Amino acid sequence: MARAVWKGPFVDSYVLKKAEKSRESGRNEVIKIWSRRSTILPQFVGLTFGVYNGKKHVPVLVSEDMIGQKFGEYSPTRTYYGHMADKKAKRK
Amino acid sequence: MARIAGVNIPTAKRVPVALTYIHGIGPSTARSICDAVGIDQTRRVNELSDSEVLQIREHIDSNITVEGDLRREVQMNVKRLMDLGCYRGLRHRRNLPVRGQRTHTNARTRKGPAKPIAGKKK
């Protein structure tokens, strides 16, 4: 079920604070965040976030198309290099 | 013979059924088209007059995206997701299910026919 509209989008408050701070300072530094569950808001466009994936902060440059999605969608948590069997089969 | 929305030539079938031969029109859309244009659903395509066919054609052209336009729209949406680098885009790139289905078994629609794994016999 989709989230009720009257609640507004969910964003962890520290993300908002950090984003505002970097906006004011004007420097385009990577903003490290752990909150993968936060919604990407219109005022985040143009900023670079380092979204934690459990191991490191993946840099994500927020563009207009990303608004409304969650930060976690841009920082994959799993690495998959394929199966060994697949490679053998291809060699034959 | 009736040409509606480009290449489609459905023939001796009932109008709502014949319209579903167009990519982007299913049973429910086809029925709504018949209602909008005022054609009885039990009538067949070869019973229609030229003006009725024209009415259907105009209704589809102005209200519904079909065939090439629809395919292009879908393709563009998929491409947008892939360019964004978001999770859904990654799944599209890999040709795996996008909406969180299991891939341990099943998911054959996206993965294609099952490939045998080398050295798994005996």
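Owing to the predicted nature of the structure, the values given are computational and were not obtained by experimental measurement. In what follows, every chain begins at residue 1, and chains take the letters A, B, ... in the order their sequences are listed.
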Results of salt bridge (Lys or Arg N to Asp or Glu O under 4.0 Å) for A:E73 - residues two or more places apart only: none
Just checking heavy atoms, which of residues 44-72 of chain A are less than 4.5 Å from chain B? A:S63, A:D65, A:M66, A:Q69
Taking a hydrophobic cluster as the set of Ile, Leu, Val, Met, Phe, Trp and Tyr residues connected by side-chain heavy atoms closer than 4.5 Å, whether directly or through intermediates, do B:I33 and B:V66 fall within one such cluster? yes
Transitive ILVMFWY side-chain link B:L70 to B:L19, under 4.5 Å: no
More than 12 foreign heavy atoms under 6.0 Å from CZ of B:R88: is that the case here? no
Let me check something: do B:Y21 and B:V53 share a hydrophobic cluster, defined by ILVMFWY side-chain heavy atoms less than 4.5 Å apart, either directly or through other members? no
Tell me, out of B:D83, B:L90, B:L84, who's got the most heavy-atom pairs with chain A below 4.5 Å. B:L84
Does a sphere of radius 6.0 Å around NZ in B:K13 hold more than 12 heavy atoms from other residues, nucleotides or ligands, not counting ones at 6.0 Å or beyond? no
Smallest heavy-atom separation, B:C86 atom then A:Y74 atom, equals CB-CE2, 3.2 Å
Name, in order of residue number, those residues of residues 93-101 of chain B that have a heavy atom at a distance of less than 4.5 Å from a heavy atom in chain A; otherwise write 'none'. B:R94
A quick test of your reading: do over 12 heavy atoms of other residues, nucleotides or ligands sit less than 6.0 Å from CG of B:D50? no
Under the side-chain contact (heavy atoms from CB on, under 4.5 Å) test, which residues partner A:E20, sequence neighbours left out? A:E24
Identify whether A:F10 and A:L16 are in the same connected component of the hydrophobic contact network (ILVMFWY, side-chain heavy atoms under 4.5 Å). no
Mind checking whether B:I25 and B:I39 sit in one hydrophobic cluster, side chains of I, L, V, M, F, W, Y counted as touching below 4.5 Å? yes
